[in-house]
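Worth knowing before you read on, the calculation uses all heavy atoms, side chains too, and leaves out hydrogens, waters and symmetry mates. All values reported here derive from a predicted model rather than from experimental measurement.
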Amino acid sequence: MTMIDPLIVFTYKPQHKFSSFLCVCFLIIITFVEAQSNLCRTSCGNIPINYPFGIDDGCGSPYYRHILDCSELGKLELRTPSGRYPVHSISYSDPHVLVTDPYMWNCQDGDNFRPTRPFSLDTSTRFSLSPQNDYLFFNCSEDYVIVEPKPIFCERFPDRCDSSCDSASYLCRHLPECATALDRSSCCSYYPKATESLRLMLKYCASYTSVYWRTIVTSTTTDSPTSQVPEYGIRVDFDIPVTTHCLQCQDLSKGAGTCGFDTQTQNFLCLCKKGNVTSYCKDLDISEHRRASVIAGAVMGVSAAGAVGIGVGIWFFKKVRAKAPITCGVQSNENRLF
């Protein structure tokens, strides 16, 4: 956040301490405005943060508000109802997030299964489990789960084919990175269509893991063929809500602003480097006096009580500045706060 130099801060001679406090509130608003260009961070560690995401409140799309968290060490995490998960990467061209789940089975576990919990997503967001995920379940009770080779089972019971857990799947026979990790345990492959089905499977299975299929380019020619390799992790697909307002805001010819939103109303805001909030950053018809109150509420998350106090401070300042002598960096016994 931009700091205020105490030697150049303008002050006025207040009559009492409360007036000094109101003056400080007014200066805080100005600081918020000037700091706006640095509020929307564009990366966390080595992972780029672009629209529709934001790791600072008021940045990006409100559909993904409070979804990503960046630690002081630059570690990015995805928040879901089932926990917080480290983000491995984000793709914006093929919109998806790759996360790792520390609770799932991994090669080092072998036949020793740790307590686990199912991964879930908030259905109110625009996230969805990718169909490129495969789920492997271990040591399932055959009294409750249909564990059979899928091709044979589907030939016999085509109407129940989707409910079977394939014990002859390719991934069970070729576990990524550790083909022989399982010695005494059974394995089957099943794709849950909803979080509830995943929860039910784990009720009758010892553990599970998720494998996604990563696309790789196998040639440098123009028509580069691709192939897919299995890797542990969860691929989460997302939508990018595109609006005319956001496209105008990001347009280089119109100032290259950052798409954001008002944290109180969740209405669209174009956040500009100079601190103004408008439809797009070269819109000179927008009065600059709107900047302070909008940004203070939209991006810095000022509390309701604080906002009222700041508003009173502005009113009081306007009322007294015609009578109050202005000084620069002058502190006396009359205007000091303490």
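With no hydrogens or angles considered, a side-chain donor-acceptor pair links Tyr212 and Glu231 at under 3.5 Å.
Side-chain contact between Tyr64 and Phe127 is present, with at least one heavy-atom pair separated by less than 4.5 Å. When side chains are defined from C-beta on, Tyr135 does not count as touching Ser189, because their heavy atoms never get closer than 4.5 Å.
A distance below 2.5 Å between sulfur gamma atoms is not met by Cys249 and Cys281. Sulfur-sulfur distance for Cys270 and Cys259: not below 2.5 Å, with no disulfide indicated.
The residue from Asp56, Asp57, Asp262, Asp122 that alone fulfils the salt bridge (charged side-chain N to carboxylate O under 4.0 Å, His left out) condition with Arg65 is Asp57.
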Considering only distance and modelled atom types, tabulate donor-acceptor pairs under 3.5 Å from the side chains of residues 97-111, sequence neighbours left out.
residue: Asp101; atom: OD1; partner: Tyr103; partner atom: N; Å: 2.9
residue: Tyr103; atom: OH; partner: Arg117; partner atom: NH2; Å: 3.0
residue: Trp105; atom: NE1; partner: Gly110; partner atom: O; Å: 2.8
residue: Asn106; atom: OD1; partner: Gln108; partner atom: N; Å: 3.0
residue: Asn106; atom: OD1; partner: Asp109; partner atom: N; Å: 3.2
residue: Asp109; atom: OD1; partner: Arg114; partner atom: NE; Å: 3.0
residue: Asp109; atom: OD2; partner: Asn106; partner atom: N; Å: 3.2
residue: Asp109; atom: OD2; partner: Arg114; partner atom: NE; Å: 3.0
residue: Asp109; atom: OD2; partner: Arg114; partner atom: NH2; Å: 2.9
residue: Asp111; atom: OD1; partner: Asp183; partner atom: N; Å: 3.3
residue: Asp111; atom: OD1; partner: Arg184; partner atom: N; Å: 3.4
residue: Asp111; atom: OD1; partner: Ser185; partner atom: N; Å: 3.3
residue: Asp111; atom: OD1; partner: Ser185; partner atom: OG; Å: 2.6
residue: Asp111; atom: OD2; partner: Asp183; partner atom: N; Å: 3.0
residue: Asp111; atom: OD2; partner: Arg184; partner atom: N; Å: 3.4

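Following chains of ILVMFWY side-chain contacts shorter than 4.5 Å, one cannot reach Tyr190 starting from Val211, and the two form parts of different hydrophobic clusters.
Under the 6.0 Å cut-off for aromatic ring centres, Tyr63 and Phe238 do not qualify, their centroids lying 6.0 Å or more apart. The distance between the ring centers of Tyr208 and Phe138 does not fall below 6.0 angstrom.
Between the side chain of Ser43 and the backbone N or O of Ile47, no donor-acceptor pair lies under 3.5 Å. In terms of modelled atom types and a separation under 3.5 Å, the side chain of Lys150 and the main chain of Cys165 share no donor-acceptor contact. Side-chain N or O atoms of His96 include one that pairs as donor or acceptor with a backbone N or O of Asp94 at under 3.5 Å. Formation of a donor-acceptor pair under 3.5 Å by the Arg173 side chain with backbone atoms of Ala168 is found in this model. Looking at Tyr92, its side chain does come within 3.5 Å of a backbone N or O of Pro48 through a donor-acceptor pair. Side-chain atoms of Thr80 come within 3.5 Å of backbone atoms of Ser82 as a donor-acceptor pair (strictly under, hydrogens ignored).
More than 12 heavy atoms of other residues, nucleotides or ligands lie within 6.0 Å of OH in Tyr191, so this atom counts as buried by the packing criterion.
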Go through the steps for Cys188 and Cys172 under the test disulfide (SG to SG under 2.5 Å), then give the verdict. CA-CA 6 Å; Cys188 63; Cys172 278; over 6 Å; no

Using the side chain to side chain contact (heavy atoms under 4.5 Å, CB included) rule, take Gln228 and Arg214 through it: C-alpha gap first, then chi angles, then the decisive distance, then the call. CA-CA 5 Å; Gln228 291 184 316; Arg214 182 170 65 89; over 6 Å; no

